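Below: one structure, written as structure tokens.
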Amino acid sequence: MKYWLFKSEPDDFSIDDLAASDKQTTFWFGIRNYQARNFIRDELQPDDLILFYHSSCAVPAVVGTAIVVSEAQTDNTAFDPQSPYFDAKSDPSKPRWLGVDIQFQRKFATPVTLRFIKQDEQLQRMYLVQKGNRLSIQPVTEDEWQRILTLGGAQ
DNA sequence: GCCAACGTTGGC
DNA sequence: GCCAACGTTGGC
């Protein structure tokens with residue numbers, strides 16, 4: 001089992017939106033970066049755990065956790081010309097983009113802010129705070145997972 | 001709105 | 001295969 005961090009813009013889809021989804025589950029679509037796609041295709045497994053991160057907002061922070069509940073599946077928004085995630089070069093017989101179903105686990109009592117992560121000794125090496133990193137799906141170590149959950153008031 | 005740091009595209 | 005131009009991400 002592995003740990004991950006998923007970024008989402010809360011104006012688009014927040015942890016509350018996930019919690020309010022049918023069965024508290026949603027298909028994670030719109031990943032259009034090859035490195036992130038490769039994580040989905042090659043490494044993400046059911047039962048993997050996710051730090052849910054709010055980006056591009058007033059207070060960027062890890063706001064809760066979720067769990068992977070499906071294998072990788074075709075992201076059909078790539079074939080929809082109406083979708084902002086449309087990709088004319090993705091061939092339906094050979095889908096280029098994938099997603100997984102994720103299910104809400106918990107919302108933190110205390111969001112763990114980017115600002116805090118940057119100055120926390122135990123979290124210095126998180127992918128999130130490495131220079132220039134913009135990946136929307138990132139690996140997280142078990143130690144980082146434990147530390148974030150403690151800080152979030154989940155343990 | 002700015003801009004650093006990437007990733008992608010396409011001409012050569 | 002190189003690399004300049006362009007587009008995107010995302011914190012501030």
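These numbers come from the heavy atoms of this one structure, side chains and all, not from hydrogens, waters or symmetry mates. As the structure is a prediction and not an experimental result, all values here were calculated from the model.
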Is the backbone of A:T77 close enough, under 3.5 Å, to the side chain of A:D80 for a donor and an acceptor to pair up by distance?
no
So which atom in A:L98 and which in A:A72 form the shortest heavy-atom distance, rounded to 0.1 Å?
CD1-CB, 4.3 Å
With the side chain counted from C-beta on, respond yes when A:F13 and A:F29 share a heavy-atom pair under 4.5 Å apart, and no when they do not.
no
First-last contacting nucleotides on DNA chain B - partner chain A, under 4.0 angstrom, heavy atom
B:dA5 to B:dG10
Would you indicate whether A:R41, at its atom CZ, is surrounded by more than 12 heavy atoms from other residues, nucleotides or ligands within a distance under 6.0 Å?
yes
Any salt bridge between A:R32 and A:D87, counting N to O under 4.0 Å?
no
